[in-house]
Amino acid sequence: MGPVVSNVAEQLDSVDFYKVVVNDVPELAQQFGIMSIPTLVLVKDGKEVKRSVGFMPEEPLKEFAQL
């Protein structure tokens with residue numbers, strides 16, 4: 001998933017992407033209720049607006065990341 005996210009991040013200037021290694025920050029994973037990897041969470045104004053679990057190809061990821 002990493003290369004796909006990196007490619008999309010380069011294409012979308014309006015969205016910030018962050019990778020979190022849940023083993024390094026388990027409290028953050030717990031805060032967001034992450035139960036499976038990979039999980040994508042779109043946050044706007046401090047609130048979750050979308051969530052996706054599992055691999056996502058580049059085009060659907062671009063659509064997911066935009067409101």
Can you run down the side chain to side chain donor-acceptor pair (under 3.5 Å) pairs that involve residues 40-49, sequence neighbours left out, and say none if there aren't any? E48-R51
Within one Ile-Leu-Val-Met-Phe-Trp-Tyr cluster: L42 and V5, side-chain cutoff 4.5 Å: yes
Any K50 side-chain heavy atom under 4.5 Å of V43 side chain: no
Under 3.5 Å, which donor-acceptor pairs link side chains of residues 53-67 to any protein atom two or more places apart or in another chain?
| residue | atom | partner | partner atom | Å |
| --- | --- | --- | --- | --- |
| E58 | OE2 | Q11 | NE2 | 2.9 |
| E59 | OE2 | K62 | NZ | 3.0 |
| K62 | NZ | Q11 | OE1 | 2.7 |
| Q66 | NE2 | K62 | O | 3.4 |

Enumerate, atom names and distances included, each donor-acceptor pair closer than 3.5 Å involving a side-chain atom of residues 16-39, sequence neighbours excluded.
| residue | atom | partner | partner atom | Å |
| --- | --- | --- | --- | --- |
| T39 | OG1 | S36 | O | 2.4 |

